[in-house]
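Each remark here refers to the structure printed beneath this line.
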Amino acid sequence: MRPTGQTDKAADATMRRRLYAFNGGFFLQKRLRRMLSLAGYDLRLGRPKSDDSVAIWGQSPTAWRGAAVATRYETERLFVEDAFLRSLFPGRAGGQPPIGLFLDRCGPHFDPSHPTDLEHLLATAPLDDTALLNRARAAIARIREAHLSKYCAVDPSLTPPSPGYVLVIDQTRGDASVTASGADDADFREMLVFAQEENPGCNVLIKTHPETAQGHRSGYFGPDDESDRVKLIDAPYSPWALFEGAVGIYTISSQIGFEAIFAGHKPRVFGQPFYAGWGLTVDERPVPRRQRTLTRAQLFAAAMILYPLWYDPIRDRLCEIETVIDQLEAEARAWREDRQGWNAHGMRLWKRRHLQRFFGQHRPVLFDDRKQSPRRDMVWGRLDGPKGAVRVEDGFLRSRGLGAKLVPPLSLVLDDLGLSYDPTHPSRLEAFIAARAELRPDQALRAEHLVKAIRDLGLSKYNVGTPPPDLPAGRRILVPGQVEDDASILLGAGKIRTNAALLSQVRADNPDAVILYKPHPDVSAGLRPGHVPDAANLADVIVENVDMAALLETVDEVWTMTSGTGFEALLRGRRVVTYGAPFYAGWALTDDRGTIPARRSTEVSLYGLAHAALIDYPRYLDPVTGRPCPVEVAVERLAQANLPRPGAVNRVLAKLQGALASHAALWRRG
């Protein structure tokens with residue numbers, strides 16, 4: 001059950017309903033107009049007819065205009081409000097539009113004076129569908145894990161206060177949900193007294209509203225309310241982190257009380273918010289008509305899945321909550337990692353623009369800045385840099401084109417522990433893989449869908465090359481050649497450290513197999529070491545300039561030292577034999593004949609490995625909108641093959657870089 005206009009697809013133009021508005025925000029906010037249009041409304045100015053609707057923004061100062069017009073012309077009212085997952089920042093703080101809306105024909109969701117569409121859902125909808133409740137539980141887990149809230153610019157890395165405190169939630173003065181509950185200063189004072197009296201010996205923390213902390217609106221509490229037991233906290237703590245150490249939650253009508261329910265709390269409520277009265281709160285002022293007892297999953301399903309209108313800003317369409325969580329995860333991660341700013345060291349000139357797009361949206365990246373600052377340091381790969389610098393590398397779904405041709409990446413990784421290809425030290429990727437030894441059902445399903453999409457769409461890291469040639473019948477083994485002075489070989493190879501030695505070993509172990517050898521492009525071009533003079537005698541077929549994804553579909557096995565091709569082969573269900581210690585080795589998915597670090601002792605499923613390497617580890621940037629995005633968007637962009645190409649400046653740099661590389665190669669050969 002869903003209120004009028006809240007559909008999963010954009011309404012047909014012939015079915016659109018006229019919606020008249022008398023608040024300038026409806027016309028000035030592009031995102032708001034677009035969402036209403038997709039929901040089937042034709043936003044207009046003028047005089048409505050009886051079969052039209054009038055839009056009213058909650059209980060805003062201008063809401064009376066729409067209400068008066070609706071009364072005069074006897075038209076239906078459509079109350080519009082932000083959904084419970086909104087954006088990184090409040091509208092006043094960052095100017096960001098909402099990613100979700102509530103469209104309610106009866107009243108604002110926070111108004112307890114009469115039933116709303118949301119209350120009707122909570123009171124009467126069956127809410128017993130297993131698939132719906134499983135979606136609700138999965139979404140709760142994801143929101144909690146990603147530390148998402150209505151405003152997602154929170155920092156989970158902040159050390160929370162010592163546990164055992166009571167959490168009292170402040171709100172902005174005059175907030176509509178407060179006034180709708182009939183609450184005022186006296187109620188906030190009373191709540192603070194109750195929090196102290198009902199929890200003797202416990203410290204009381206007053207969580208300041210983000211708009212108050214940023215100076216946009218005043219709250220009900222201030223420094224005068226602090227004492228030996230009572231402290232204000234205005235740092236950007238994650239509510240989910242604060243819930244962990246709280247012994248009680250006290251609120252008038254804040255959304256944080258709603259979120260506390262899903263963290264296992266039974267908040268003490270002094271107002272009459274929509275979530276009170278369903279058996280999940282301790283209510284000081286019950287709403288008599290609310291008599292139904294709901295589970296947490298049922299409350300979430302109604303309020304977060306059935307009721308809201310969700311919007312996907314990347315694909316410009318209405319969507320489900322799972323897509324919104326995907327997008328907010330990506331945006332929140334970018335803010336959390338970039339908010340202090342970056343100082344990038346030793347970055348090539350052609351990379352700087354793309355690094356700025358990836359990591360400089362909240363504070364510009366500085367390059368080789370030697371001033372002392374709170375900025376974090378980053379370096380590319382193994383390059384030397386300041387102590388503690390975070391390492392940057394390409395992700396495993398990179399682009400449609402080679403980095404050597406200066407094609408910009410769709411994914412980059414930040415590793416604060418090491419490098420994914422360096423088994424001599426732990427890496428952040430290793431930590432992610434170990435953590436995904438057990439997956440929730442929703443995580444396994446997401447990874448399964450991702451792997452299937454990659455395979456069905458024929459995607460690989462670079463997505464270049466021609467279709468493979470006709471190949472001899474038999475058990476086909478692909479041996480991917482590597483650059484022999486590549487860091488992954490120098491750091492991660494075992495006794496077999498050259499392409500020639502690898503080919504010889506594979507032939508010796510598989511005398512009757514059809515062996516395909518694919519030289520590395522830089523080796524074939526004579527730019528890097530790794531040429532195998534007698535490759536034609538060791539391999540049955542030498543394949544060059546072939547699409548790797550298509551080639552992997554034609555082979556049975558991949559034997560490699562440390563090549564990332566092994567990971568792509570695993571995604572396609574192929575047997576993989578390793579002689580080194582690539583990141584995907586040691587998790588019971590490969591036949592490992594090299595030395596694997598003892599710390600890789602956990603058995604991980606293919607979907608656990610894929611989740612870690614493709615969802616948890618990289619950051620993705622949508623090349624079309626320039627926004628942080630989830631991996632699913634990157635997959636779609638790579639499949640569409642209409643990505644932006646390197647500009648003229650980059651092409652000049654590419655030629656210069658190639659000339660310098662050729663000169664260096666000739667100099668090395670003497």
Check your understanding: Just by modelled atom types, is the Phe27 backbone N or O under 3.5 Å from a matching donor or acceptor in the Arg33 side chain?
Key -> yes

**Study point:** Backbone of Gly174 reached by a side-chain donor or acceptor of Tyr220 within 3.5 Å
**Key:** yes

Point to revise | Check: Ser149 main-chain N/O paired with Trp240 side-chain donor or acceptor under 3.5 Å | key: no

Practice item. Count the heavy atoms of every other residue, nucleotide or ligand shown that sit under 6.0 Å from CZ of Arg72, and state whether that count exceeds 12. Key: no

Point to revise | Criterion side chain to side chain contact (heavy atoms under 4.5 Å, CB included) on Arg142 and Arg440, from CA distance to verdict | key: CA-CA 10 Å; Arg142 287 192 63 189; Arg440 297 190 310 267; 3.3 Å; yes

Practice item. Check whether any side-chain N or O of Ser254 sits under 3.5 Å from a backbone N or O of Ile256 as a donor-acceptor pair, and report yes or no. Key: yes

Point to revise | With sequence neighbours excluded, residues passing ring pair (Phe, Tyr, Trp, His ring centres under 6.0 Å) with Phe262 | key: Phe258, Phe300

**Study point:** Under 3.5 Å: donor-acceptor pair, side chain of His209, backbone of Glu211
**Key:** yes

Check your understanding: For Arg17 and Asp51, what are the C-alpha separation, side-chain angles and deciding distance, and is it a salt bridge (Lys or Arg N to Asp or Glu O under 4.0 Å)?
Key -> CA-CA 9 Å; Arg17 183 168 185 174; Asp51 58 346; over 6 Å; no

Point to revise | CZ/Arg47: more than 12 non-hydrogen atoms of other groups inside 6.0 Å | key: no

Exercise for review: Ignoring hydrogens and angles, tell me if any N or O in the side chain of Asp117 forms a donor-acceptor pair with the backbone of Asp104 under 3.5 Å.
Suggested key: no

Check your understanding: Do Arg619 side-chain atoms and Phe358 backbone N/O form a donor-acceptor pair below 3.5 Å?
Key -> yes

Check your understanding: Between the side chain of Gln96 and the main-chain N/O of Phe89, is any donor-acceptor distance below 3.5 Å?
Key -> yes

Review point. Can you check whether Ser253 reaches Gln171 side chain to side chain, under 4.5 Å on heavy atoms?
Key: yes

Review point. Can you name the ring pair (Phe, Tyr, Trp, His ring centres under 6.0 Å) partners of His611, sequence neighbours left out?
Key: none

Check your understanding: So, Arg65 and Ser60: side-chain donor and acceptor under 3.5 Å apart, yes or no?
Key -> no

Exercise for review: Please list, chain by chain and in numerical order, all residues satisfying side chain to side chain donor-acceptor pair (under 3.5 Å) with Asp312, sequence neighbours excluded.
Suggested key: Arg315

Point to revise | Asp155/Arg339 ion pair, N-O < 4.0 Å | key: yes

Check your understanding: Looking only at heavy atoms, which two atoms of Leu19 and Ala55 are closest? And how far apart?
Key -> CD1-N, 3.6 Å

**Study point:** Arg428/Leu414 under side chain to side chain contact (heavy atoms under 4.5 Å, CB included): CA gap, chis, key distance, verdict
**Key:** CA-CA 8 Å; Arg428 181 58 61 186; Leu414 294 172; over 6 Å; no

Exercise for review: Go through Thr62 and Asn23 one step at a time and tell me if the side-chain hydrogen bond (donor to acceptor under 3.5 Å, both in side chains) criterion holds.
Suggested key: CA-CA 6 Å; Thr62 58; Asn23 176 323; 2.7 Å; yes

Point to revise | Donor-acceptor under 3.5 Å (Thr124 side chain, His120 main chain) | key: yes

Exercise for review: Answer yes when Arg446 and Glu632 have at least one side-chain N-carboxylate O distance shorter than 4.0 Å, and no when they do not.
Suggested key: yes

Practice item. Assess the pair Phe84 and Phe102: is the distance between their ring centroids shorter than 6.0 Å? Key: yes

Check your understanding: Under the 3.5 angstrom rule, does the side chain of Arg173 hit a backbone N or O of Arg217 as a donor-acceptor pair?
Key -> no

